[in-house]
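Working notes for the structure below.
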Amino acid sequence: MPVYAVKDVIDLDTKAPPHLQRISILDIKLTSDCVHRSVKGKVVQKGPVVSCKQRDCLLKAVIQDPKKSSASQHASINVIFFGTLAKDFSRSVSQGDMVLLAGFTISKSPTEQTDRLHPCHLEMSGPDACLSKMLYYIYSIFLWVSRCPLLHRNIYVPLNELKPRRIVNVYGVVTFFKQPFPTKGTDYCSTLKITDQSNAKVGCTIFSERLEDHPKIFRIGDVIRLHRVKTQMFNGSMTLLTSLGWSTVTFDGMLDSPVEPRTSSRTFHFDEADKRVVEALRQWASSQSLLASEPTVPLSSVQPKMYFDLTCQLLAKACMDSRCMLLKVWDGTKCEHPLINVTVAPDALEGEPTNSQDRENLTANILVYDNHVEVARTLKPGMFLRLYNLHAVPQRAPGQPHDVPCHLGFHLHGGTSYGRGLCSIPSDNPDLLTLKRVLESQAEKLASEKEVNDGTLLEVWYTPPEAIGKGLLTFFPFVYSGLTCGHTLQQRSLAHVKRCTPPAFHHVCAQVKSYKPQNLYQCLKLFCPQCTTIKEVPDDEFIAQVFQEALRGSCQPCSEHWAVTSSVDSIQLDRAITMHVSCDMVLENTQSQLLFLQGVTLDETCVISAAHKNVVPVRSEERRMRLLDLSAPFLFCERKRYYGCKQCSQSSFVEPEVSGVEVWDEHNVAKALGVQLMQYVLLLKFELEDETGTVEALLWEDAERFFHASSADIAASQEMQDKVQTIMDRLQPPGSSMAERPWLELCLIAYTVEEDGRTQVCYQITNTETREDLWARP
DNA sequence: GTTTAGGATTAG
């Protein structure tokens, strides 16, 4: 589809491929170069699609230079669209739209004398017509359309100047808020109150059926921007209500934190002027002491019967009944009062057992009721949470003597009074800095007290993304050389397997009692074959942060003698987007080129790499090209992402060695860049059972064979992830009793691992494949 | 052109 619609006219400048150079309509001449050029203009005339013999059909339109009045003679130019492009244009574009064209050719206008327009006209042919003539680099898109061609700065109304029944844009500091809650209608509702330098307080009601469109407010003092909201008097006070086309962005309210817009929208506009408004509101809010010094109360200060806000990390959760969910959390501080422990069956608990935290009185058991269960269900162990208006309830077991100190339990009651609710907090939130530091030191303390049989490997399951890069988790090389399995061994009981001295192969027949991680996306890891480091695959939020950091420190386009560089400055984004291609590759087929992109966000990289094979995001350091921090993928290849090992890759960027490479894949890109490629691996831990006992066995090195799928494909494809889930659901049907589960024939290898001078016996499932009939959904 | 909500404790 060569027509690409954007929401805002700004996007015509920011979303266009970086290599396109803008040419003004006035500057167009017959001799102008039209390769890698784009033209922007407003559609002032749009004709019908008419059939023509040579090219099936055509459509004629006139576009006008956005900056020049129609009085200027050559500011308007005829554009002829041919074939499917004519039909697409007719369907997608209206008179008055602003468009950006690329991939056109320039000819002499035969109608110059009669229509008195530009002496040239532009011809646009679809890719089917003249693919060979076109040099489209990243996008195979020719036309960008903006349906809201009003190019004016947004006007923000001070809160004391609001008049009823208007559509307005406002900025404010949040003084009260509720997390979105379901209404009796079709939407969720967010209720908040905001204020600004005028000191007027205005209530806002936000309706949207999409939770992700609601403002991301985490604490009082956050700054919010609302676009296209409706003013309305209610009970004698001014209120704001969402209206058609409304949008919102929020910012942290702390004086020194970076001005990062929080939004689910991919196409919002934010510039220097906005940044200044946010900073002014922060300054004012701090002078008014609108931000309470600490947004939440640590567990160590909680007293019985208190209502308070808590910031914490989720350790584990369990469903109690349809209206109640248990969250086991900690914030690393020790409560003065003993905490109750709610025990549930281990297989009902999602997340790791909290035994070591329980022992130290660090685990808070929170019962979440009624309307809050919906949000609680979406939470994953490892996430950071904030709970609002949590109730510390002293609980005494029936019959317990009164001199026993009471235990504290925590209830998040139903309803939304006083802002009662909960939400997950992105791990880069500035309020989490202290919490993370405390948790880290507590985790170290607990780990040092841990016993051998606690299973060191399990530490990797729920490592939050930010732990990556600090403490890398390492597997020790396995010792089982010189053994082979020809599947001729006699089947043995699990008790027999446990009695044998490793290394040894065994054939067993067993059922799956449980497996970890229960969330299969967590079983994908990154593995360095060089140093055997294993780490989590970071989430998008974390990767986007790495890109943002690179943007902050990387203003000058880098200049490398080996690369051809083209750059576009975006005033709106306040940055330049730059593309580099190796001189040796510039004339090659664009699909096989290695493309270096600088000044792009993660989202932009994803859009570009969707249509391009090898995209390497880079930054500049004193005009020299550098890779981004290797916590982020170093290579984007269509939907696949590849990571490098921080320990084993060259620390400084080298000129890529491109000669002699026929086809670029992740292996030779990594090699050319001096990066040690990390492999995607699958890592699962099974608890196997037969009549004689249980054995914990890893599925790792032969996991791809087991699932008949490559880890890299699983990482890039939802379909493949579903396939793995299907197989697991067949091996251990959800909610099934042991009697209902299938028996599996497995080959196990027993081996020893040396760790801290201690020898541990481990088991791995090997040489085993699932049958093809397990792949399809039952 | 807009039903919902329009702050103001659950009661486990």
Side-chain angles (χ1 to χ4, degrees), chain A residues 159 162 164-168 172-195 200-211 213-215 217 219-222 224 226 228-248 290 297 302-310 318-327 340 342 344 364-374 376 387-398 406-423:
Chain A
L159 295 177
L162 295 173
R165 296 147 63 86
R166 307 272 169 86
I167 303 290
V168 293
V173 180
V174 175
T175 61
F176 173 80
F177 67 101
K178 282 182 179 184
Q179 294 299 328
F181 56 93
T183 64
K184 288 174 187 157
T186 56
D187 295 343
Y188 288 94
C189 175
S190 292
T191 301
L192 44 139
K193 190 158 271 175
I194 60 172
T195 185
K201 314 265 189 302
V202 178
C204 313
T205 306
I206 288 158
F207 291 113
S208 173
E209 57 186 3
R210 284 159 47 90
L211 272 174
D213 290 344
H214 281 259
I217 303 170
R219 62 178 286 190
I220 286 168
D222 281 351
I224 185 166
L226 289 160
R228 294 190 60 80
V229 284
K230 193 167 57 183
T231 54
Q232 202 176 58
M233 292 303 280
F234 179 76
N235 281 346
S237 304
M238 185 59 73
T239 58
L240 294 167
L241 192 64
T242 44
S243 76
L244 196 67
W246 70 279
S247 67
T248 185
L290 272 176
V297 176
V302 170
Q303 299 303 324
K305 297 184 181 174
M306 233 167 103
Y307 284 95
F308 66 107
D309 296 347
L310 176 70
C319 199
M320 305 300 280
D321 61 60
S322 67
R323 292 179 56 192
C324 180
M325 191 142 207
L326 170 69
L327 302 181
I340 58 154
V342 183
V344 292
N365 284 274
I366 300 174
L367 291 167
V368 169
Y369 289 100
D370 303 338
N371 54 314
H372 308 301
V373 170
E374 185 188 345
L387 294 114
Y388 303 94
N389 197 237
L390 192 57
H391 192 186
V393 183
Q395 290 180 334
R396 189 168 273 131
C406 75
H407 284 57
L408 281 187
F410 300 95
H411 291 219
L412 190 70
H413 297 296
T416 63
S417 308
Y418 280 84
R420 195 180 309 123
L422 77 167
C423 65

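To find a chain, count down the sequence lines: A is the first, B the second, and so on, and within it residues start at 1.
Closest-nucleotide positions on DNA chain B for A/Ser243 and A/His411 were compared, and the one nearer the 5' end corresponds to A/Ser243.
Between A/His372 and A/Arg420, the closest side-chain pair of non-hydrogen atoms falls below 4.5 Å.
Applying the ring pair (Phe, Tyr, Trp, His ring centres under 6.0 Å) test to A/His214 and every residue at least two apart in sequence or in another chain returns nothing.
Looking at A/Asp187, its side chain never comes within 3.5 Å of a backbone N or O of A/Cys189 through a donor-acceptor pair. A donor-acceptor distance shorter than 3.5 angstrom exists from the side chain of A/Gln179 to the backbone of A/Ile217, with no hydrogens or angles considered. Side-chain N or O atoms of A/Arg228 include one that pairs as donor or acceptor with a backbone N or O of A/Leu244 at under 3.5 Å. Panel note: side chain A/Thr231, backbone A/Arg165; a donor-acceptor pair is recorded below 3.5 Å.
If you take atom C1' in B/dG12 and the same atom in B/dA8, they sit 22 Å apart, rounded to whole Å. Atom C1' of B/dT10 sits at a distance of 22 Å from the matching atom of B/dG6, rounded to the whole Å.
At the heavy-atom level, A/Leu367 lies nowhere under 4.0 Å from the strands shown. At the heavy-atom level, A/Ser237 lies nowhere under 4.0 Å from the strands shown. Heavy atoms of A/Gly415 sit nowhere under 4.0 angstrom from any nucleic acid atom. Residue contacts for A/Phe177: at a heavy-atom cut-off of 4.0 Å it reaches no nucleic acid atom on any strand shown. Within the nucleic acid shown, A/Leu244 comes within 4.0 Å of at least one base atom, counting heavy atoms only. Using a 4.0 Å heavy-atom cutoff across all strands shown, A/Asp370 reaches at least one base atom of the nucleic acid. Using a 4.0 Å heavy-atom criterion, one finds that A/Thr242 contacts no nucleic acid atom at all.
When DNA chain B is scanned in the 5' to 3' direction for atoms under 4.0 Å from non-hydrogen atoms of chain A, the outermost contacting nucleotides are B/dG1 to B/dG12.
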